[in-house]
Amino acid sequence: MTPPPSASPLAALTGRLIVSCQAPPGDPMRHSDTLVRMARSAQAGGAAAVRVNEPEVVAATVAAVDVPVIGLWKDGDTGVYITPSVRHALALVDAGAAIVAADATGRPRPDGSTFADLVAAVHAADAHVMADVATLDEGREAAAQGADLVSTTLSGYAPGSPRQTLPDLRLVTDLAGAVDVPVVAEGRVATPEQAAAALAAGASSVVVGTAITAPTALTRLFVAGLAS
Ligand SMILES: CC(=O)N[C@H](C=O)[C@@H](O)[C@H](O)[C@H](O)COP(=O)(O)O
């Protein structure tokens, strides 16, 4: 296994908030300059890192913030769509991502590669890997394959994980007891109290996206509240 690069960007994340600055296809916020401004706002508010989709936006964000950029590349919307191939991963490293987030669920990848192949390629390019998983077994396997961080990103979205409206703190705790790498709580963290509960449950860092950076989704919540 290729040794991972120095631990420096990872140490800065311990006990801290990571803000996911993304917008879905068709959303008015899906605009590079707008997403870069979101990332700058996240940094100004105290985020330790930002999580950013697509190489072009990663490159623009890296040029605009001082915190580490976690890059992902969503391609498609079924099966493995978060950084699905080695090519996607290396494009993110080329764009300046310090950490590459990638699906580590063990489902087939479109280029026939394995998650271990992706880890080896990213480590050889001197960057780190955040494994997006849905289950405890996937997290264990990802850590064994060299992931530098394991995140609960896909719990509730990929097969084998419980559908729920709250963060999967059970998975956070189980992973924290099972892997030697930092565990990140990600997915449906909607309040500061939930973020703190995630740390208490064993997370090393917490990612918040929608609750901070998605005005369309947040507006819909209020509109639905008025209609009920
Ligand atoms: C499942 C999936 O594709 N999650 C994505 C991963 O990058 C993003 O769409 C989420 O916004 C992110 O994980 C943060 O989660 P939340 O927005 O719930 O705070």
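Whatever order the structure lists ligands and atoms in, that order sets their numbers, starting from 1.
Short contacts between ligand 1 and R188, defined as distances under 4.0 Å to a heavy atom of the residue, involve ligand atoms 16 (P), 18 (O), 19 (O). Those atoms of ligand 1 with a heavy atom of Y157 less than 4.0 angstrom away are 1 (C). Within ligand 1, counting atoms from 1 as listed, the ones closer than 4.0 Å to a heavy atom of Y81 are 1 (C), 2 (C), 3 (O). Taking a cut-off of under 4.0 Å to the non-hydrogen atoms of Q22, the atoms of ligand 1 that pass are 6 (C), 7 (O), 8 (C).
Of the protein's heavy atoms, E186 OE2, 3.7 Å lies nearest to atom 14 (C) of ligand 1. With hydrogens left out, the protein atom closest to atom 8 (C) of ligand 1 is K74 NZ, 3.4 Å, a heavy atom. Closest to atom 19 (O) of ligand 1, if we only count protein heavy atoms, is G209 N, 2.9 Å. Atom 4 (N) of ligand 1 has as its closest protein heavy atom T153 CG2, 3.9 Å.
Side chains of R107 and T105: a donor on one and an acceptor on the other come within 3.5 Å. With no hydrogens or angles considered, no side-chain donor-acceptor pair links E186 and T152 at under 3.5 Å. Under the 3.5 Å distance criterion, with hydrogens and angles disregarded, a donor-acceptor pair is assigned to the side chains of D148 and H123.
For L72, every heavy-atom contact with ligand 1 shorter than 4.0 Å involves the side chain, none the backbone.
Residue R51 has at least one N or O atom closer than 3.5 Å to an N or O atom of ligand 1.
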- [ ] Verify salt bridge (charged side-chain N to carboxylate O under 4.0 Å, His left out) between D168 and R163, making sure each step is shown before the conclusion.
- [x] CA-CA 9 Å; D168 191 349; R163 298 288 178 270; over 6 Å; no

TODO: Walk me through it: do D111 and S113 pass the test side chain to side chain donor-acceptor pair (under 3.5 Å)?
DONE: CA-CA 5 Å; D111 63 349; S113 66; 2.5 Å; yes

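Minimum heavy-atom separation, Q194 to R188: OE1-O, 3.4 Å.
For atom 6 (C) of ligand 1, the nearest protein heavy atom lies closer than 4.0 Å.
T83 contributes a side-chain N or O that, together with a main-chain N or O of A101, makes up a donor-acceptor pair within less than 3.5 Å.
With values rounded to the nearest 0.5 angstrom, Y157 atom OH is found 12.0 Å from D132 atom CG.
For the pair A211 and ligand 1, no heavy-atom separation below 4.0 Å is found.
The closest heavy-atom contact to atom 16 (P) of ligand 1, among the options D132, V184, T83, T210, comes from T210.
The environment of E56 atom CD is sparse: at most 12 non-hydrogen atoms of other residues, nucleotides or ligands sit within 6.0 angstrom.
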